[in-house]
Amino acid sequence: MNIFNTLQEQLQAILGDLQDQKVLPGGLDLSAVAVEPPRDKSHGDVAINAALVLAKKARLNPRELAGKIAQKLRQDQAVKAVDIVGPGFINVTFFNSFWQARVNEILKAGKKYGGSKIGKGEKVNIEYVSANPTGPLHVGHVRGAVFGDALANLLEKVGYKVTREYYINDTGAQIDILARSVHFRYREALGENIGDIPEGLYPGDYLKPVGQVLAKKYGEKFKNAPEEKWLAPFRDVAVPAMMALIKEDLGLLGIHHQVFSSETKMHSAGEILEAIDFLKEKGVIYQGVLEPPKGRKPEDWEPREQTLFRATDFGDDVDRPLVKSDGSYTYFAADIAYHYDKFKRGYLHQIDVLGADHGGYVKRLQAAVKALSDGQADLDVRLCQMVRLLRGGQPVKMGKRSGQFVTLREVVDEVGPGVVRFIMLTRKNDAQLDFDFDKVKEQSRDNPVFYVQYAHARAHSAFRKAAEYFPEKGLEIKALTGADAALLEDPSEIDLIKAMASWPRVVEAAALAHEPHRIAFYLYDLASEFHSLWNKGNDDPGLRFVIEGNQALTLARLSLVRALALVIAEGLELLGVEPLKEMR
RNA sequence: GCGCCCGUAGCUCAGUUGGAUAGAGCAUCGGAUUUCUAAUCCGGAGGCCGCAGGUUCGAAUCCUGCCGGGCGCGCCA
C-alpha cells in the first residue's frame, strides 16, 4: 500500500465533507492538492498543501481552512499530531505504531511490495537498442539498452502491459556495406589472400564466420561474380548473423526483446505505401518545395519538388520529405509506417529510446504519431546522452575510423553485468555519464553499486548471525511476520521504516516520469539509512539486530531487516541487477 | 540563423513535476573499530541554484529576454 495515496483519499473525503457543509464551494478543482513527504524531517511525516491551494477560491484564510481540515484529520487513530505551520501547511505526524505496522505489511506483500495498478493494464510499446545490424554492440549502445530495459521493468511494476521491441534497420547503404565486407571474408574463406579490408568497409574479425558460412553455402559461385548477383543473398545471410551476435550481446546484460520488427518488411510489404495513403486521406501529404535552412551555407542546395508530410501542422519546425530523388522512400517514411504499425497493433502508449544525436528527430516522430492516430496515441522519445569511458580518470581512446570500439562484451566481461546496469542508471538519461573502469570496480561509498549491494549483503549477514543463536527458530518470512513490531522503538528504526514506506511512491513517480534513475538514487538513500542504523549497533550493542537471549526482540528487528532486504532486492531487480547475499 | 537538451558547493551530480531553512557523494578538517562485515558510521566547513525581468500565498522548478556549453538542421540510417 502507498500511504500517501491512502491519505490522499482520506483527504479527498474530508474535502468532500467540507463541501457538503458549505465550508468549501462545490465544484472545486482539487487536482493541485498534494500529499507528500516533507523535505525536512522536523515537519512531520506528511505535508498537505490543501489549505494553501484552496483558500483563495474558498475565500477563506488559509490557516483557518487548514484548521478545519486538521480537525478532521485528528480523528484518525493513527494520527499523533496535526500541526498548522507557516502560511498554512498541514503537517501530519503518525504514532510509532502506525509505522511499526508497515513492516508486516511489507513482509506480507513480499515481491509485490511497491507495485501498483496505475497502468490499468494498458499496452505500452517500448522500443530500444535498435542498433544497426552491422556488428556487435559497443559501449555506445549500452546505455540505451539498460535504460530501456529498466524502464520496461518499471512500467510492468505499476501495471502496464509492456512490449519490448527492437527495430532492425536492415536496409540501406550500411547494409550494402556489410554485404560487401562479408564478400571479402567469403573470398578469404575460399583461400584467397585478401590483404587489408578496404577503407569504408567493416574490418572486424566477427565477419569471418559469416564468410565461412557463405563459402560453404555457395562455394565459388560468387567469387568473381558482379556485385548485383551476390549483394542480396549476402545481405540475407549477414543480417541474421549480425542479429544473432547482437542478441547474444544483449543476453550478457539480461536483455531480451519480445518483438523484432524489420525495416525491410515495411518496404516490401507495402506498409509504407499504406501509411502514406492513410495520411493522404487526412490531407497532410503534398508535393512541395522546401526552403533551404537559414544561416548555413546552402552550397549544394537545389530547390526540388518532393513528397512532403505536413509535420508543421503537428508541432514540427518544417515539413518532412518522404521520397528520395531516386524514387525510394526516406528513412522517415519507413519510420512513419513502423509507428503506424505499432498503433494498429494497439499501442496507444509508445516509447522510443534513442541516442542524443537523434534529438532533431523527435518532433517529426511525434508529429507522425499524432497525425496517424488522430491524437489518440502518445509517443515519448527518451534521449540517452553519451557515455564517456574512463580508466583511472583518463579517457579511453577509441579509434573510430579503424572500427576499434570498446565492445559491450568487453565492458561486461571486465566489470560484470550488474555493475554496468546500475552505473548506467546513476545519471538522468539526458545527462552525460562518466564510466570509469577503476571507479566502478572500487568497493567503497564512492561506488553506489557496492554501497547498495553491501547493505543487502549486511542484511543477510545478520540473518546468518541470528541462525547461530536461534537455530531452532525459523527466520524465514513466515516466522518473522509473527514478530512483535512494537519492539521497534529506536528513532533510527522508525526512520528506516519511513524510508521503506515511501518505496511505492518512488516507483510510481519514476514510472510515470519514465525515469528509472530515481530507483537507483532511492536505493542509495535507503542503503545509507540502513548502514547508519547498523553502525548504531556498533556504538550501542543494545541496538544490534541479533540480541542473544532475547528472541522476541531479535525477531522483531530481523523482521525489519528482512523488509529492508526485500525492498533493496526488489529495487535492484527492477534495475536488472542481481542482489548479492555475500560480498567477501 | 532556427530547433531540442543543459547550466545547482572546489569536483561529480540529486532535487519527489510549484512547497517551508536548496541536498548527497568526492575532496578537505575532526571523531568512532576487543564488529551482527569499519567495504561502514557521526560531526564541521563549503551556495547570487548562469544573469535580468515576469507569473503567485510560495520559483532551482513555469513564462520572456540575454550569457555560456552540447546535439541536430532536404533526398544518412
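Sequence lines set the chain letters: A, B, ... in the order given, protein chains first and strands last, and positions in each chain run from 1. The basis for the numbers below is simple: all heavy atoms, side chains too, and nothing from hydrogens, waters or symmetry mates. The model shown is predicted, which means the values in this text are computed figures rather than measured ones.
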Whole-Å gap separating [atom2] ([N]) and [atom1] ([X]):
X        : N     : atom1 : atom2 : answer
A:Phe332 : B:C76 : CZ    : P     : 15 Å
A:Ile519 : B:A14 : CD1   : P     : 15 Å
A:Lys363 : B:C2  : NZ    : P     : 13 Å
A:Tyr329 : B:C76 : OH    : P     : 16 Å
A:Asp436 : B:C13 : CG    : P     : 13 Å
A:Lys536 : B:C42 : NZ    : P     : 9 Å
A:Asp176 : B:A77 : CG    : P     : 10 Å

Quick one: what's the B/S/- string for nucleotides 15-22 of chain B, heavy-atom cutoff under 4.0 Å, read 5' to 3'?
SBB-BB--
At under 4.0 Å between heavy atoms, what does [X] touch on the DNA or RNA strands: base, sugar-phosphate, or nothing?
X        : result
A:Glu442 : nothing
A:Tyr361 : base
A:Glu291 : nothing
A:Thr171 : sugar-phosphate
A:Gly359 : nothing
A:Gln174 : sugar-phosphate
A:Arg458 : sugar-phosphate
A:Phe521 : sugar-phosphate
A:Val546 : base

Whole-Å [atom1] distance, [N] and [M]:
N     : M     : atom1 : result
B:C71 : B:G10 : C1'   : 28 Å
B:C57 : B:U28 : P     : 48 Å
B:G50 : B:C41 : C1'   : 37 Å
B:G23 : B:U16 : C1'   : 13 Å
B:C42 : B:G25 : P     : 8 Å
B:G7  : B:G69 : P     : 16 Å
B:G18 : B:C13 : P     : 24 Å
B:A9  : B:U17 : C1'   : 25 Å

What nucleotide, of [options], holds the atom closest to the side chain of [X]?
X        : options             : answer
A:Asp357 : B:G74, B:C71, B:C36 : B:C71
A:Lys56  : B:U56, B:C36, B:A77 : B:U56
A:Asn535 : B:C41, B:G74, B:A24 : B:C41

Atom of A:Leu574, atom of A:Lys157 and distance for their closest heavy-atom approach
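In this case the closest contact between A:Leu574 and A:Lys157 is CD2-CB, 3.9 Å.
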For [X], which residues count as a side-chain contact (heavy atoms from CB on, under 4.5 Å) partner, sequence neighbours excluded?
X        : answer
A:His460 : A:His456, A:Phe463, A:Arg464, A:Arg562, A:Ala565, A:Lys581
A:Tyr329 : A:His267, A:Ile272, A:Leu273, A:Ile276, A:Val323, A:Ala333
A:Ala501 : A:Ile3, A:Trp99
A:Gln8   : A:Leu11, A:Gln12, A:Val33, A:Val35

Would you please name every residue forming a salt bridge (charged side-chain N to carboxylate O under 4.0 Å, His left out) with A:Glu64, sequence neighbours left out?
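Partners of A:Glu64 under the salt bridge (charged side-chain N to carboxylate O under 4.0 Å, His left out) test: A:Lys68.
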Just jot down the salt bridge (charged side-chain N to carboxylate O under 4.0 Å, His left out) partners of A:Asp434, sequence neighbours excluded, or say none.
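With sequence neighbours excluded, A:Asp434 shows a salt bridge (charged side-chain N to carboxylate O under 4.0 Å, His left out) to A:Arg388, given in chain and number order.
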At less than 4.0 Å, is any side-chain N or O atom of A:Ser532 found next to OP1 or OP2 of B:C42? Yes or no.
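For B:C42, OP1 or OP2 has a side-chain N or O of A:Ser532 closer than 4.0 Å.
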Using OP1 and OP2 only, check whether a side-chain N or O of A:Lys324 sits under 4.0 Å from B:G74.
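Checking A:Lys324 against B:G74: no side-chain N or O falls below 4.0 Å of OP1 or OP2.
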Tell me which donor-acceptor pairs under 3.5 Å the side chains of residues 509-517 of chain A have, and how far apart each pair is, sequence neighbours excluded?
| residue | atom | partner | partner atom | Å |
| --- | --- | --- | --- | --- |
| A:His514 | ND1 | A:Asp380 | OD2 | 2.7 |
| A:Glu515 | OE1 | A:Arg518 | NE | 2.9 |
| A:Glu515 | OE1 | A:Arg518 | NH2 | 3.0 |

Could you say whether A:Arg464 or A:Leu433 is positioned toward the 5' end of RNA chain B, judged by the nucleotide with the nearest heavy atom to each?
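The 5'-side residue here is A:Leu433.
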Taking for each residue the nucleotide of RNA chain B bearing the nearest heavy atom, is the 5' side occupied by A:Asp170 or by A:Gln432?
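By nearest-heavy-atom nucleotide position, the 5'-most residue is A:Gln432.
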Take a 6.0 Å sphere around CD of A:Gln432 and say whether it holds more than 12 heavy atoms from other residues, nucleotides or ligands.
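Yes, the 6.0 Å shell around CD holds more than 12 heavy atoms from other groups.
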Determine all donor-acceptor pairs shorter than 3.5 Å in which one atom belongs to a side chain in residues 305-314 of chain A; sequence neighbours excluded.
| residue | atom | partner | partner atom | Å |
| --- | --- | --- | --- | --- |
| A:Thr307 | OG1 | A:Gln287 | NE2 | 2.8 |
| A:Thr312 | OG1 | A:Asp319 | OD1 | 2.7 |

Let's see if you get this right: which residues in residues 313-322 of chain A place a heavy atom under 4.0 Å from RNA chain B?
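Listed by number, they are A:Asp317, A:Pro321.
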Secondary-structure notation, RNA chain B, from Watson-Crick and G-U pairs under 3.5 angstrom (| other strand)
(((((.(..((((.....[...)))).(((((.......))))).....(((((..]....)))))).)))))....
Any Lys/Arg nitrogen of A:Lys465 or A:Glu468 sitting under 4.0 Å from an Asp/Glu carboxylate oxygen of the other?
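Yes, A:Lys465 and A:Glu468 are salt-bridged.
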Salt-bridge present (A:Glu529, A:Lys498; N to O < 4.0 Å):
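So A:Glu529 does not pair with A:Lys498 through a salt bridge.
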Please identify each residue that fulfils side chain to side chain donor-acceptor pair (under 3.5 Å) with A:Glu271, with sequence neighbours left out.
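If we apply the side chain to side chain donor-acceptor pair (under 3.5 Å) test to A:Glu271, skipping adjacent residues, there are no hits.
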Minimum side-chain heavy-atom gap A:Asp352-A:Leu379 below 4.5 Å
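Sidechains of A:Leu379 and A:Asp352: in contact.
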